[in-house]
Amino acid sequence: MNLEKMIEVGQLFEVYKNLLTDKQKEIVSLYYEEDYSLGEISENLNVSRQGVYDTLKRAEKVMKDYEQKLHLLSELQKKDETVKKMIEKIVDFKQDLLHNIDCVDLIPKLDEIEDLCRGMIE
C-alpha cells in the first residue's frame, strides 16, 4: 500500500471518524491502524472480502468529501505549522537571551511571535 495514502487516510480518520458509521469506523481502524488485511477483516467480521473493500472505499470517499466541505484537517495542519514556527522563534529568542543580546533587538522577534499567535486565533 502507498505510504502517502495511509498517512492521508489516517489523518482524515482522526478528524472525521465520529462522522462514519460504526461499521465503517471498525473496518477503517482495523485496516489502517491495526494493519489487518482485507481477508483478515472479512474473517473477523464475517463479511465478504468485497464488502470490506467496498466499505473501505465508501468511508474514504465520505471522509474526503467532508474535508472538501469543512477543511478541518487542512486548518489543523496550518495551525500545527504555525505552532512549529512559534517554537522556532522562541528557541531563537532564548538563544539571544543566553548570549546577552541587547533587549531592544529582541522586540522584532517578540512581534513575530505575537503576530503568529494573533493569526492562530483569527
Side-chain angles (χ1 to χ4, degrees):
M1 170 171 308
N2 180 340
L3 182 60
E4 287 178 21
K5 182 179 179 182
M6 285 190 73
I7 292 170
E8 176 192 11
V9 173
Q11 291 172 331
L12 288 169
F13 187 62
E14 275 302 308
V15 175
Y16 297 111
K17 67 181 161 194
N18 291 328
L19 300 175
L20 298 176
T21 67
D22 289 340
K23 181 180 177 183
Q24 287 172 331
K25 269 193 279 196
E26 184 175 22
I27 289 174
V28 171
S29 176
L30 288 171
Y31 190 74
Y32 285 103
E33 294 179 332
E34 303 296 326
D35 202 29
Y36 279 44
S37 69
L38 295 178
E40 290 170 325
I41 298 169
S42 172
E43 272 183 39
N44 289 338
L45 300 182
N46 201 24
V47 178
S48 72
R49 190 177 184 286
Q50 185 64 44
V52 171
Y53 178 81
D54 291 344
T55 301
L56 272 176
K57 292 302 166 197
R58 197 172 316 112
E60 290 169 16
K61 182 180 180 337
V62 165
M63 291 188 293
K64 287 177 183 177
D65 288 346
Y66 281 131
E67 178 60 16
Q68 285 180 342
K69 292 174 185 167
L70 302 174
H71 309 287
L72 297 177
L73 179 58
S74 61
E75 288 299 319
L76 183 62
Q77 290 170 332
K78 285 180 194 173
K79 288 187 190 265
D80 285 350
E81 280 302 310
T82 301
V83 169
K84 287 176 186 173
K85 288 178 186 174
M86 289 170 55
I87 291 169
E88 289 173 10
K89 298 291 181 189
I90 291 168
V91 168
D92 287 346
F93 185 75
K94 286 171 33 180
Q95 287 298 316
D96 288 347
L97 285 175
L98 286 172
H99 293 96
N100 295 319
I101 301 290
D102 184 15
C103 289
V104 173
D105 294 337
L106 298 175
I107 292 173
K109 290 186 177 192
L110 284 173
D111 288 339
E112 288 180 45
I113 294 170
E114 180 183 6
D115 291 343
L116 288 169
C117 289
R118 289 187 190 285
M120 284 185 69
I121 59 174
E122 291 177 350

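Along the sequence shown, residues are numbered consecutively beginning with 1. Because the structure is predicted, anything quoted here is derived from the model rather than measured.
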Practice prompt. Can you measure from CD1 (I90) to CD (E88) and round to the nearest 0.5 angstrom?
Written response: 10.5 Å
Discussion item. Restricting to non-hydrogen atoms, name the atom on T55 and the atom on K23 that form the minimum distance, rounded to 0.1 Å.
Written reply: OG1-CE, 3.9 Å
Practice prompt. Keeping the roles fixed (side chain from T82, backbone from K78), state whether a donor-acceptor pair exists under 3.5 Å.
Written response: yes
Worksheet item: Which pair of non-hydrogen atoms, one from M86 and one from C117, has the smallest distance, and what is that distance?
Response: CE-SG, 3.1 Å
Worksheet item: Which heavy-atom pair separates D35 from E40 by the least distance, and what is that distance?
Response: O-OE1, 4.3 Å
Worksheet item: Cluster question for you: counting only ILVMFWY and a side-chain heavy-atom cut-off of under 4.5 Å, with indirect links fine, are L12 and M6 together?
Response: yes
Item to complete: Of all the heavy-atom pairs spanning E67 and L73, show the shortest one and how long it is.
Response: OE1-N, 2.9 Å
Discussion item. Do L19 and F13 sit in one hydrophobic cluster, given that two such residues count as connected whenever their side-chain heavy atoms are within less than 4.5 Å of each other, even indirectly?
Written reply: yes
Worksheet item: Does a donor on one side chain and an acceptor on the other come within less than 3.5 Å for E43 and Y36?
Response: no
Worksheet, complete the sentence: So CD1 of I113 and NZ of K85: to nearest 0.5 Å the spacing works out to 13.5 Å
Discussion item. Using 0.5 Å steps for rounding, measure from the CD atom of E26 to the CD atom of E34.
Written reply: 10.5 Å
Discussion item. Within a 6.0 Å radius of atom NZ on K64, are there more than 12 heavy atoms belonging to other residues, nucleotides or ligands?
Written reply: yes
Worksheet item: Going from CG on L38 to CZ on R49, what distance comes out if it is rounded to the nearest 0.5 angstrom?
Response: 4.5 Å
Worksheet item: Any donor-acceptor pair under 3.5 Å linking the side chain of Q24 with the backbone of R58?
Response: no
Worksheet item: Is the shortest distance from a Lys or Arg side-chain nitrogen in E8 or K5 to a carboxylate oxygen in the other one below 4.0 Å?
Response: no
Worksheet item: Does Y16 reach the main-chain N or O of L72 with its side chain, forming a donor-acceptor pair under 3.5 Å?
Response: yes
Worksheet item: Crowded around N46 CG? As in, over 12 foreign heavy atoms under 6.0 Å?
Response: no
Worksheet, complete the sentence: Rounded to the nearest 0.5 Å, the CD atom of Q11 sits from the CD atom of Q77 at a distance of 5.0 Å
Discussion item. One pair to check against salt bridge (charged side-chain N to carboxylate O under 4.0 Å, His left out): D65 and K69. What are the steps and the verdict?
Written reply: CA-CA 6 Å; D65 288 346; K69 292 174 185 167; 5.7 Å; no
Worksheet entry | Nearest heavy atoms of S42 and S48, plus distance in Å | OG-C, 3.5 Å
Response to the item:
Separation between CG (N2) and CD1 (I7), nearest 0.5 Å, reads 9.0 Å
